[in-house]
Structure formats: C-alpha cells, structure tokens
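Have a look at the structure below, then the notes.
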Amino acid sequence: MLWDDFLNSDYHDWRGGDRSEDRLDKAGWLDQWLGEHHLSVTGRPTEEEMAELKRFRAFLFDLVKRLVHGSEASRDDIRTLNKLLAGGPVVRQITGSAGGYRLETQHFSTPVEWPQVMAEIAASFADVLINGEISRIRICDNPDCLWVYYDNTRNRSKRFCDDKMCGNLMKVRRFRARKKSSEI
Ligand SMILES: [Zn+2]
C-alpha cells in the first residue's frame, strides 16, 4: 500500500548496524516507489516539499504508533489528514464492465504535483482507517527494525515484518540473553 511504503522509506537497519537510511532522499527509490503506485510526478520535490513530506511521514508514524498501542485517531489527526487530502483534487470515473465495475480515481492532469502525492498517501491511509481493520496495523517487534505493515494473517499473529529475518534475529537474541543470565 502507498501509506506503509511511505512510512518504510525511513529505513532502519533491522540488524542494528549502520545501514539505516532515509530513502526519500534517494532519487532511485522515489522513482521506483512512485512507479509501482502509477504516480507520475513533476520532477523532484523542492527542499520545502521534501521537508513537508518528512513532516507528514513523522506525523503518520506517530499516529500509527498510537493506533498500534490501542488509541484512536484524534480530531486533530483527522483534521491534519483532511488538510492533506485537500491538496489533491481528483476526478472519479466508473471503469470496467457489467458485473465488474470499479470506481477509479483519476487526476485532473498528469504528471501530478507533490501535494497531490501527499493527498494520495493520505487517501490510502484513510482507506485503512475507514475500510480496513486498524487492529491489524503493526510495527515490527524488533526494536531495531520498526517496519510498518498490515497483518493479513487469519489469527492476527504476525509479530515481525519477516519471520525469517527479524523473527529469527529476535529468537537468537532471546536465546543469547537467556544463556548469559544462566551463566552468571
Ligand atoms: Zn522487522
């Protein structure tokens, strides 16, 4: 989804090393991300637009953190999201054919400006808030990782972004911690 990809652009080295990086600053990452979501944008963000993107990301991560801990979105949160949504006027069109109609959101013109990209991100998050299950939003349990994802498992048991990576790493860490304490 657009919103969690956006949050995960603030990449943390899940092994606890020094490979953390802000992927919004990487032109290649931006191009690929926008391409995957079929967004064609007018050039690179200006310094001010980049600052706004990062403020938005910090706000969204803070909101997700609160939701993960069982709080609800506040009036201020909704106001902020609505302000961001207002940056992207769109046209809605019915596409598909009988039996498989879809309501498709299109932009007035492409390429789009950065405020419209932010509106799209806000809309993708709003969709989860309205149609999804907030209790399925997760932040990886590895404190070095903090990857944000939507838990699609039947029994809602997904504690790590990836069981083979963060899951195993945390298992090894717990094992070592136990071993250490039994040696004392
Ligand atoms: Zn992880």
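All ligand and atom numbering here is 1-based and tracks the order in the structure. Because the structure is predicted, anything quoted here is derived from the model rather than measured.
Excluding waters, the set of protein N/O/S atoms under 2.8 Å from the Zn ion (ligand 1) reads Cys140 SG, Cys145 SG, Cys161 SG, Cys166 SG.
Donor-acceptor pairing under 3.5 Å is lacking for the side chains of Asp77 and Thr80.
The side-chain hydrogen bond (donor to acceptor under 3.5 Å, both in side chains) with Arg57 is formed by just one residue from the set Asp10, Asp22, Asp62; it is Asp22.
With Tyr149 contributing its side chain and Lys158 its backbone, the two residues share a donor-acceptor pair below 3.5 Å.
Phe56 and Phe6 have tilted rings, their planes meeting at an angle from 30° to 60° on a 0 to 90° scale.
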For this session: Evaluate side chain to side chain contact (heavy atoms under 4.5 Å, CB included) for Leu103 paired with Ile94, printing each intermediate quantity in order.
Result: CA-CA 5 Å; Leu103 193 60; Ile94 300 169; 4.1 Å; yes
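For residues 28-42, the salt bridge (charged side-chain N to carboxylate O under 4.0 Å, His left out) pairs, not counting sequence neighbours, are Asp31-Arg44.
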